Amino acid sequence: MITSQKGTRDLLPPETRAWNGVERTAREVFSLYGFDEIRTPTFEATELFVRSVGEATDIVHKEMYTFTDRGGRSVTLRPENTAGVARAFVEHRLAQAGGVHRLYYVGPQFRYERPQKGRFREFRQIGAEVLGPADPATDAEVLVMLFDLLGRLGFTGLSVALNSVGTAECRPAYVEALQSFFASKEGSLDEDDRRRLAENPLRILDSKNPALQLLLADPGLPSMLDFLDEDSRGHHEELLALLTASRIPFRIEPRLVRGLDYYTRTVFEVTARGLGAQDALLGGGRYDRLVSDLGGPKTPGIGFAIGEDRLLDVLPAATRAAFLAEGAPQVAVVPLGAEDVAEGLAVAGELRRGGIRAELDTSAKGPGRGIKNALKKEIPLVVLLGEEERRKGTFVVKDLAASKQGEHLRARLLEVVGALVKPAPAT
Ligand code: HAM
């Protein structure tokens with residue numbers, strides 16, 4: 001038997017209904033805020049990720065699916081989507097149209113990580129990016145939209161962890177302070193930490209090395225917030241004021257640097273209980289130099305990506321139940337004999353035109369089997385069509401939950417069945 005690859009999985013029905021419900025809600029919310037969808041390729045030139053996500057990050061250093069194609073090009077399955085969006089923005093000269101570009105995406109990403117709960121090699125993200133404005137009001141609106149979406153999905157009690165990583169101008173002084181803090185503590189550093197400290201010291205704040213955790217909690221650890229230049233500090237403080245005014249729950253997390261190099265100023269993450277060790281539900285931040293670093297005109301940006309697999313893992317039960325119910329068949333139409341099949345097709349068609357989800361069951365060939373099949377598939381109503389009904393111009397409907405049965409005139413099909421179909425619970 002050929003099985004799926006390690007770290008990948010099949011999403012099967014009815015679980016896919018919950019995924020569709022989440023994606024539909026995200027699309028609805030994004031469109032309320034003026035966002036349009038962008039779809040970029042699943043593989044890109046390797047260099048794109050090296051230059052944007054950063055050479056010294058774990059993603060580029062050890063998690064990319066990189067291969068040489070038959071034409072000798074080095075290509076990489078996208079580990080994230082922001083770089084692809086920025087590449088497309090530059091390639092199609094979207095900046096020339098001016099204004100604000102609000103884009104969202106839904107799709108698979110690939111990272112060669114050790115699979116565990118909530119961590120896959122192929123996973124899906126729902127993300128949004130705003131290109132153009134640099135003001136803190138845009139950061140605030142992105143977070144307002146995010147919490148709007150999470151709220152509509154039924155999440156409560158979440159808060160956003162927030163930090164500023166400053167700009168390329170004010171970071172060197174902070175990096176120096178970090179290096180001198182760790183200089184006397186070489187003994188606690190493992191090989192990866194030493195590489196990080198030399199190549200890209202901010203990355204050391206991401207270290208998962210247990211020996212380093214105590215040091216990272218040391219109150220003497222320098223905080224980026226003490227090194228912000230005046231503009232970055234002003235940006236950060238105005239964002240906090242706007243979030244407070246918008247009632248977005250946040251907390252300052254001075255060690256939050258995120259695992260990608262393109263960030264400037266605002267970075268954020270939302271974690272959720274119930275996710276286990278991989279507790280980041282989503283992450284994002286501002287990237288004011290990414291577009292220009294990729295050869296485009298100076299265009300600030302900010303965005304986030306939700307880990308959809310993790311979101312589904314902790315989706316509130318009522319929301320999941322509502323999404324599952326939305327796609328469930330409502331009526332089984334059972335022709336009792338071969339001569340009743342044409343009538344079955346017509347009845348099912350009429351129900352569907354009336355917006356009722358109807359499954360034709362031609363395998364049953366009898367009321368008992370028809371009811372058994374419906375019970376097994378949790379279909380609450382069965383319409384039985386036999387020779388006698390055809391002669392009389394009627395149909396029989398069985399309400400399996402209420403154990404009730406009735407015979408009605410065929411002309412009243414939609415009216416009768418419509419009244420019996422329970423309205424899907426509101427989300
Ligand atoms: P990221 O933090 O690398 O950011 O990923 C965002 C989210 O994707 C994570 O919080 C997590 O929920 C999910 N995720 C990451 N890796 C895995 C995995 N192996 N298995 C399952 N879920 C995973 C980014 O990707 C940035 N592009 C976000 C962004 C957009 N920043 C600005 N704009």
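Each ligand, and each atom within it, is numbered from 1 in the order the structure gives. Count residues from 1 along the sequence. Here the structure is a predicted model, which is why all the values come from computation and not from measurement.
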Undergrad: Ignoring hydrogens, just give me the one of Gly303, Ala280, Pro115, Ala128 whose non-hydrogen atom is nearest atom 9 (C) of ligand 1.
TA: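 It is Ala280 that holds the nearest heavy atom.
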Undergrad: Nearest protein heavy-atom contact for atom 13 (C) of ligand 1: which residue, which atom, what distance?
TA: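 Heavy-atom neighbour on the protein nearest atom 13 (C) of ligand 1: Gly307 CA, 3.5 Å.
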Undergrad: Suppose I only count heavy atoms of Gly285 and a 4.0 Å limit; which atoms of ligand 1 are within that range?
TA: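 Those atoms are 31 (N), 32 (C).
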Undergrad: Between Leu282 and ligand 1, find which residue part has any heavy-atom pair under 4.0 Å and reply side chain, backbone, both or neither.
TA: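 For Leu282, the contact with ligand 1 is made by the backbone alone.
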Undergrad: Could you tell me the separation between the OG atom of Ser188 and the CG atom of Leu212, rounded to the nearest 0.5 Å?
TA: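 Reported value, rounded in 0.5 Å steps: 6.5 Å.
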Undergrad: I'd like to check which ligand 1 atoms, numbered from 1 as shown, lie under 4.0 Å from a non-hydrogen atom of Glu80.
TA: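 What qualifies from ligand 1 is 25 (O), 26 (C), 27 (N).
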Undergrad: Kindly confirm or rule out a cation-pi arrangement of Arg9 over Phe120, judged by NZ or CZ under 6.0 Å from the six-membered ring centre and within 45° of its axis?
TA: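 Geometry flag: set, cation within 6.0 Å and 45°.
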Undergrad: What's the spacing between Arg310 CZ and Arg124 CZ if we round to 0.5 Å?
TA: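 Rounded to the nearest 0.5 Å, the CZ-CZ separation comes to 13.0 Å.
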Undergrad: Could you check atom 3 (O) of ligand 1 against the protein and tell me its nearest heavy-atom contact, residue, atom and distance included?
TA: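 Looking only at protein heavy atoms, the one closest to atom 3 (O) of ligand 1 is Arg111 NH2, 2.9 Å.
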Undergrad: Mind checking what makes side-chain contact (heavy atoms from CB on, under 4.5 Å) contact with Ala241, not counting sequence neighbours?
TA: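 Ala241 satisfies side-chain contact (heavy atoms from CB on, under 4.5 Å) with no other residue.
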Undergrad: Answer side chain, backbone, both or neither: which part of Gln125 comes under 4.0 Å from ligand 1, heavy atoms only.
TA: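 The answer is the side chain.
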Undergrad: Check this for me - ligand 1, Leu281, N or O atoms closer than 3.5 angstrom, yes or no?
TA: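 Between Leu281 and ligand 1, an N or O pair is found under 3.5 Å apart.
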Undergrad: Does ligand 1 have a heavy atom under 4.0 Å from the side chain of Tyr262, from its backbone, from both, or from neither?
TA: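 The part of Tyr262 near ligand 1 is the side chain, not the backbone.
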Undergrad: Is Arg152 paired with Asp148 through a side-chain N to carboxylate O contact shorter than 4.0 Å?
TA: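 Yes, Asp148 and Arg152 are salt-bridged.
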Undergrad: List the steps, then state whether ring-ring contact (aromatic ring centres under 6.0 Å, His included) holds for Tyr104 with Phe35.
TA: CA-CA 6 Å; Tyr104 77 83; Phe35 283 69; 7.5 Å; no
Undergrad: Is ligand 1 under 4.0 Å from a heavy atom in the side chain of Gln109, in the backbone, in both, or in neither?
TA: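 Neither; no heavy atom under 4.0 Å.
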Undergrad: Hey, is Ile302 touching ligand 1 through its side chain, its backbone, both or neither, going by heavy atoms under 4.0 Å?
TA: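 Ile302 to ligand 1: no contact under 4.0 Å from either part.
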Undergrad: Tell me which part of Tyr287 gets within contact of ligand 1: side chain, backbone, both or neither, using heavy atoms under 4.0 Å.
TA: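 Near ligand 1, Tyr287 shows its side chain, while the N, CA, C and O stay back.
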